[in-house]
Each structure stands twice: as structure tokens, then as C-alpha cells.
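Since the structure comes first, as C-alpha cells, the remarks are kept for the end.
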Amino acid sequence: MNRTPAGPFRVIWRTVARIPRGRVATYGQIARMAGLRSGARTVGWAMRALPDDLAIGGRPVPWHRVINAQGMISPRHDGPRGEGSLRQAGRLRREGIVVSRSGRIDLARYRWDGR
DNA sequence: CGTATGACGAGCC
DNA sequence: AGGCTCGCCATAC
């Protein structure tokens, strides 16, 4: 039934699920908060592998609130203007986060402090 | 089981 | 600032 892989993905998804609306977190930040030995890249894998319909705590995992340490939406295989990136920018703006035309987000302003 | 890949990140030019 | 290398480690093949 549940095709959620074992291993670190589950812990990562639970951590991402805690990011409040209107806030963002970086891949490395999530990795550290999840207490993983594995690093930021594994968080990237977990986002890629995230099933669209997966919900935790009764609501979908806010994958769009995870960005890279440079405050940018990480490019997918189809580039920074690809479908996934545009979708992420749209979702962030919809919760009031300012995303520049080049896909930049002010981390000092929007970064989730983990509390 | 060895290699390649990647929604990363830190360090170095 | 921008680009490159390398470490990291879960998956794919």
C-alpha cells in the first residue's frame, strides 16, 4: 500500500512537513534538522522521490518550501525555467513569499528558524 | 558489486 | 562574482 521507501526519506519528509506556511528552509538545513548523517543531496533525492499525493499530518508535504543555500529555487533537469521550478515559484508567491524574476528568495527574511 | 548521477554545499581559485 | 572541484550518500543500472 504505502510505497514510501524506508530509510532517510521518511525522516526528511517529516521534517519538511514542519516548515510553516510563508517560510522556507534549505536542503542542508533540513538534513541537519532531521539529524541525518547523510547530507543535503539526500534531501534533494527525497524531494524528487516525493509522491505527489503523500500527506503527513493530514496535509501535503510542502516540498516547495525547500530551496538551496543560495536562496534560489534549485534547477531541475529541465533547467531554472522548467516546469517544476516555475511551479515552485508560483506556490511560494501564493503564500506571500517574494520571489525575484531570477528565482531568488531573501533567506534572511524567510528562512524558517526551526521553531 | 563498481560506476554514474544528482531538487546540495563548502572551499578555492 | 562566477566557475570548478570535491565530499557526501541514496539510487539506478
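Quick note on labels: first sequence line is chain A, next is B, and so on, each numbered from 1. We use all heavy atoms of the structure for the numbers below, so side chains are in, but hydrogens, waters and symmetry mates are not.
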Q) Counting side-chain heavy atoms from C-beta on, which of B:dA7, B:dT5, B:dG9 comes nearest to A:Trp45? A)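 So the side chain of A:Trp45 is nearest to B:dT5.
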(Q) Which residues pass the side chain to side chain contact (heavy atoms under 4.5 Å, CB included) test with A:Pro80, not counting sequence neighbours? (A)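 A:Pro75.
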Q. Between CG of A:Leu36 and CZ of A:Phe9, what distance do you get to the nearest 0.5 Å?
A.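 Going from CG on A:Leu36 over to CZ on A:Phe9, the span is 10.5 Å.
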Quick one: do [X] and [Y] end up in the same hydrophobic cluster if we chain Ile, Leu, Val, Met, Phe, Trp and Tyr together by side-chain heavy atoms under 4.5 Å apart?
X	Y	value
A:Val43	A:Leu50	yes
A:Ile56	A:Trp112	yes
A:Leu86	A:Ile73	no
A:Met33	A:Ile12	yes

Which residues, if any, of [range] bring a heavy atom under 4.0 Å of DNA chain B?
range	value
residues 63-81 of chain A	A:Trp63, A:Asn68, A:Ala69, A:Ser74, A:Pro75, A:Arg76
residues 27-35 of chain A	A:Tyr27, A:Gly28
residues 106-115 of chain A	none

Please report the distance, rounded to the nearest Å, between [atom1] in [X] and [atom2] in [N].
X	N	atom1	atom2	value
A:Arg87	B:dA7	CZ	C1'	13 Å
A:Phe9	B:dA7	CZ	P	12 Å
A:Leu50	C:dT11	CG	P	14 Å
A:Arg48	C:dA10	CZ	C1'	14 Å
A:Leu92	B:dA7	CG	C1'	13 Å

Q: For A:Asp113, enumerate each residue passing the salt bridge (Lys or Arg N to Asp or Glu O under 4.0 Å) test, keeping only those at least two apart in sequence or located in another chain.
A: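 For A:Asp113, the residues satisfying salt bridge (Lys or Arg N to Asp or Glu O under 4.0 Å) (neighbours in sequence not counted) are A:Arg115.
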Q: Enumerate the residue pairs fulfilling side-chain hydrogen bond (donor to acceptor under 3.5 Å, both in side chains) with a member in residues 101-110 of chain A, sequence neighbours excluded, ordered by first and then second residue.
A: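 Sorted result for residues 101-110 of chain A: A:Ser100-A:Ser102.
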Q | Qualifying side-chain hydrogen bond (donor to acceptor under 3.5 Å, both in side chains) pairs, either residue in residues 15-35 of chain A, two or more places apart | A |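 Only A:Gln29-A:Arg111 qualify under side-chain hydrogen bond (donor to acceptor under 3.5 Å, both in side chains).
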Q) Got a sec, which pairs hit salt bridge (charged side-chain N to carboxylate O under 4.0 Å, His left out) with one end in residues 66-94 of chain A, sequence neighbours left out? A)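 For residues 66-94 of chain A, and leaving out neighbouring residues, there are no salt bridge (charged side-chain N to carboxylate O under 4.0 Å, His left out) pairs at all.
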Q: Remember a base hit wins even if backbone is also touched, and classify A:Thr26 as base, sugar-phosphate or nothing at under 4.0 Å, heavy atoms.
A: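 Contact class for A:Thr26: sugar-phosphate only.
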Can you check nucleotides 1-7 of chain C for protein contacts, nitrogen or oxygen pairs under 3.5 Å, and list what you find?
from	atom 1	to	atom 2	distance (Å)
C:dG7	O6	A:Arg41	NH1	2.8

(Q) Using modelled atom types and a 3.5 Å cut-off, is there a donor and acceptor pairing between side-chain atoms of A:Trp13 and backbone atoms of A:Ala46? (A)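 It does hold such a pair.
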**Q.** Min side-chain heavy-atom separation A:Ile97-A:Val24 under 4.5 Å
**A.**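 A:Ile97 reaches A:Val24 side chain to side chain.
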Donor-acceptor contacts under 3.5 Å from residues 60-68 of chain A side chains, at least two apart:
from	atom 1	to	atom 2	distance (Å)
A:His64	NE2	A:Glu95	OE2	2.9
A:Arg65	NE	A:Glu95	OE1	2.9
A:Arg65	NE	A:Glu95	OE2	3.3
A:Arg65	NH1	A:Ile19	O	2.8
A:Arg65	NH2	A:Glu95	OE2	2.9
A:Asn68	OD1	A:Gln70	N	3.0
A:Asn68	OD1	A:Gly71	N	3.4
A:Asn68	OD1	A:Met72	N	3.0
A:Asn68	ND2	A:Met72	O	3.3
A:Asn68	ND2	A:Ser74	OG	3.2

